[in-house]
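In each ligand, atom 1 is the first atom listed, and ligand 1 is the first ligand listed.
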Amino acid sequence: MKVRGVFLVAIFFYLAYTQLVNGQPCQTSCGNVTIEYPFGTSPGCYYADDPSFHLICNDNKTLLFDNNMEVINISHSGELHVMNNISYACYSNQRILSDYHYSTYTLRNLSLSGKNTFTLVGCNAFAYLSIFGRQNYSTGCMSACDAPPAANGDCNGAGCCRTDLSVPLDSYSFRTGPSRLENTISVSDFNPCTYAFVSKIDFFHFNASEDLKNLRNVTEFPLVLDWSIGNQTCDQIGNASICGMKNNTCFDSNRGTGYNCKCLEGFEGNPYLSNEYGCQDINECTTNSTIHKHNCSDPSTCRNTVGGFYCKCQSGYRLDTTTMSCKRRDFGWATILLGTTIGFLSFLLVFSCVQQNMKHRKDSELRQKFFVQNGGGLLIQRLSGGGTSNANLKIFTEEDMKTATNGYEESRILGQGGQGTVYKGILPDNSVVAIKKSRLGDSSQVEQFINEVLVLSQINHRNVVKLLGCCLETEVPLLVYEFINRGTLFDHLHGSLFGPFLTWEHRLRIAVEIAGTLAYLHSSASIPIIHRDVKTANILLDENLTAKVADFGASRLIPMDKEQLTTMVQGTLGYLDPEYYNTGLLNEKSDVYSFGVVLMELLSGQKALCFERPHQSKHLVSYFASAIKENRLYEVIDGKMLTEDNQREIKEVARIAIECTKLMGEERPKMKEVAAELEGLRVTKAKHKWSDQYPEETEHLVGVQIMSAQGDKSTTGYDSINNIARLHIEAGR
Ligand SMILES: *[C@@H]1O[C@H](CO)[C@@H](O)[C@H](O)[C@H]1NC(C)=O
Ligand SMILES: *[C@@H]1O[C@H](CO)[C@@H](O)[C@H](O)[C@H]1NC(C)=O
Ligand SMILES: *[C@@H]1O[C@H](CO)[C@@H](O)[C@H](O)[C@H]1NC(C)=O
Ligand SMILES: *[C@@H]1O[C@H](CO)[C@@H](O)[C@H](O)[C@H]1NC(C)=O
Ligand SMILES: *[C@@H]1O[C@H](CO)[C@@H](O)[C@H](O)[C@H]1NC(C)=O
Ligand SMILES: *[C@@H]1O[C@H](CO)[C@@H](O)[C@H](O)[C@H]1NC(C)=O
Ligand SMILES: *[C@@H]1O[C@H](CO)[C@@H](O)[C@H](O)[C@H]1NC(C)=O
Ligand SMILES: *[C@@H]1O[C@H](CO)[C@@H](O)[C@H](O)[C@H]1NC(C)=O
Ligand SMILES: *[C@@H]1O[C@H](CO)[C@@H](O)[C@H](O)[C@H]1NC(C)=O
Ligand SMILES: *[C@@H]1O[C@H](CO)[C@@H](O)[C@H](O)[C@H]1NC(C)=O
Ligand SMILES: *[C@@H]1O[C@H](CO)[C@@H](O)[C@H](O)[C@H]1NC(C)=O
Ligand SMILES: *[C@@H]1O[C@H](CO)[C@@H](O)[C@H](O)[C@H]1NC(C)=O
């Protein structure tokens, strides 16, 4: 409580000290001059009892206390504008001084400012100025003229001269003294007096016709003095300065000693006071002061802040700082460029999207077109129309196929043949498949593919390569088969490829399987099918060396009511039925002929057509037939598979082969019969293994042995031998 009371009393006394003296408020103005602390008219109102700040107000005139200089303006920043009397020396004749006034001004803690100039007006005259301070300083100038100078306004040494001041620091008094040169010719007529004075720079403008005569009537000129507080700098005084507490700052005085205070930017008031007269925020938006007024082009946008202001633009507008006006947010060049770029990129994006979409549509249209062109509609109709035994046929998309073959990669090619290329494919469920792709641009191949799909869709047989599905969206259709991994019978018999040697047991079984399959195709399938291209290259072997008949591209479905079809002759040379070749009439016996050739290949291990054999024997059928005719069967049999046990069977199979390759189709057995005979051989062979109770067989076996060893003519009839000779002639045509 006590401390607070003391504080309040201190505040009271401070206010009383600054604003009230002897119950009277301090005078705040005199005439036109505003009087503010640290200046004052009464003791207690001005700073520290320093007479420099003591003003006297007399007849609305503000005077400095001790030298009668009239104050016309006081600035907070340390300038005092005062009027000072002119110095003059008047002469009654050329030489006699009649009237004069040389003045010395004591300034105490005020100093003459460098913003003044010293001027002499007169002819053939000189004047001096002495300034007393930390170092004394004197200057002067001289004017010479015998007649009134013509030029007005120029103070250049004729009738008038002036010199700028180099005011010493901490000056405290100055003296001016004009004088006329001795022994001059008379100038008094037009210039009775010589005048000297210190005034604000640029205040006095010399008028030769007026001033040389009557300047004495003017008597006073304004000059600038500097004032400051104390004799210490801001650093030295620190926080003990008299500058107010808020929003102001101290600065070292121009006069070389002491300091002054000023309000911070955006504040106005008396920086030497801390009360409500001290530095206050300027409301730039409402002030009448031109200096502090806001520069927002629209005053309604002005918003005041402490120490400043801003121009608030409504949203969508921005402030243009050069004109301080709100402008609609326009886009600069960078923005335009950016916008254009983004726009262009978006356009490209949209364009490419549309293009992609169109391409996609075009692609899918193309796929649809191919699908239709490839008989997709017909196929689907046929597949869904019932009567199919292979209902699981799947229609693959082009994309499926691409993925499965890794984009038809070259390393995936399993084989390339007349019909096209076969790729190894891996379906999404990791199952391995073979994908057959026909040659491009061969529409007959396309037909064959469709044909094969239709044929295979009718077949479900363990010895027929299973067709899993097809893809019709590509330009040429693709067929997807189960993957048979041990190559073709051709490769096994003639190629170096694929390991195990085919023993007789293998071969006989394979023959049985093929025969059974063909018999099934000819009679058991819902519509009889003629393969038309039976050959070892079209028989695949799986890992158990089980035969799988493949390549139904040339196959024909034969309607039930017709025994044979007239078609374009198709097949492989060496396997081609000569009758079919000659007549173009296709029936199931053509397959029988081809199968006979396959049998011969199995028996001999030789190719169907081999140009390395002697001329007459190029064709395996004629080679085989002539060998049997000449009782040289052992010569053509693959010796490696020959054992003691299998000679009878070999002989039988050779006979069947000859039967099958008879020139006339009618004379050939039906496939069913061939299959039965071969199957019979296999069964008896199996039985034979267990017992030797069949003397007939032994006889046969012996017979073969004799035949093989001696080359004797067998008693067994080979009716086809002659035919084979004829076939050769036929084939050779
Ligand atoms: C105050 O200023 C006005 C106009 O500037 C002037 O007419 C008047 O004489 C001045 N008064 C004093 C006392 O200087
Ligand atoms: C001083 O000026 C005021 C008004 O500005 C006037 O009323 C007053 O008479 C003047 N005093 C003298 C002594 O001229
Ligand atoms: C200026 O001259 C006038 C009259 O001539 C006189 O009253 C006044 O005191 C002079 N001022 C100074 C500072 O000498
Ligand atoms: C005093 O000086 C300031 C700035 O220099 C000016 O605005 C003001 O009008 C002056 N006052 C007088 C009475 O000359
Ligand atoms: C100058 O100012 C100081 C302190 O303000 C004061 O003590 C001193 O008397 C002044 N000098 C003169 C010549 O007035
Ligand atoms: C300046 O001149 C005055 C008067 O002539 C003299 O008293 C003072 O010592 C001088 N000061 C200097 C620094 O010379
Ligand atoms: C100089 O003074 C004369 C007489 O008072 C006047 O007619 C003339 O216009 C003045 N010249 C200038 C430049 O002020
Ligand atoms: C200047 O003073 C002289 C003599 O004192 C007088 O004759 C003359 O009229 C005055 N001129 C002006 C313009 O006041
Ligand atoms: C500053 O002024 C005081 C009294 O006015 C005086 O005692 C002191 O010596 C002065 N200091 C300087 C550096 O002039
Ligand atoms: C002034 O500064 C000094 C240290 O520089 C400090 O001790 C003192 O309290 C300050 N006084 C005021 C009024 O801020
Ligand atoms: C100015 O004074 C105000 C109170 O009037 C205060 O809030 C503000 O912080 C001060 N600003 C500065 C820069 O000192
Ligand atoms: C600005 O001037 C007008 C008259 O011109 C006056 O009414 C208003 O009070 C003044 N405002 C300020 C802040 O000085």
Under 4.0 Å from atom 14 (O) of ligand 2, is there any protein heavy atom? yes
Establish whether atom 7 (O) of ligand 6 and some protein heavy atom are separated by less than 4.0 angstrom.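 Flag for atom 7 (O) of ligand 6 set to false, no protein heavy atom closer than 4.0 Å.
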So does R216 pair up with D99, basic N to acidic O under 4.0 Å? yes
With ring pair (Phe, Tyr, Trp, His ring centres under 6.0 Å) as the test, pick out the partner of F39 among Y47, Y46, F65, W227.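 Considering Y47, Y46, F65, W227, a ring pair (Phe, Tyr, Trp, His ring centres under 6.0 Å) with F39 is found only for W227.
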Which ligand 2 atoms, with their elements, are less than 4.0 angstrom from a heavy-atom of N60? 1 (C), 2 (O), 3 (C), 6 (C), 8 (C), 10 (C), 11 (N), 12 (C), 14 (O)
Give me the residue, atom name and distance of the protein heavy atom closest to atom 9 (O) of ligand 6. N136 ND2, 4.7 Å
Among all the protein's non-hydrogen atoms, which is closest to atom 4 (C) of ligand 6, and how far away is it?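 In this structure, atom 4 (C) of ligand 6 has F132 CE2, 4.0 Å as its nearest protein heavy atom.
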Structural part of D59 in contact with ligand 2, heavy atom criterion under 4.0 angstrom: both
F190 ring centre to K213 NZ or CZ under 6.0 Å, with the angle to the axis within 45°? no
Spell out, as yes or no, whether a donor-acceptor pair under 3.5 Å connects the side chain of T176 to the backbone of F197. no
Does the pair C302/C311 show an SG-SG distance of less than 2.5 angstrom? no
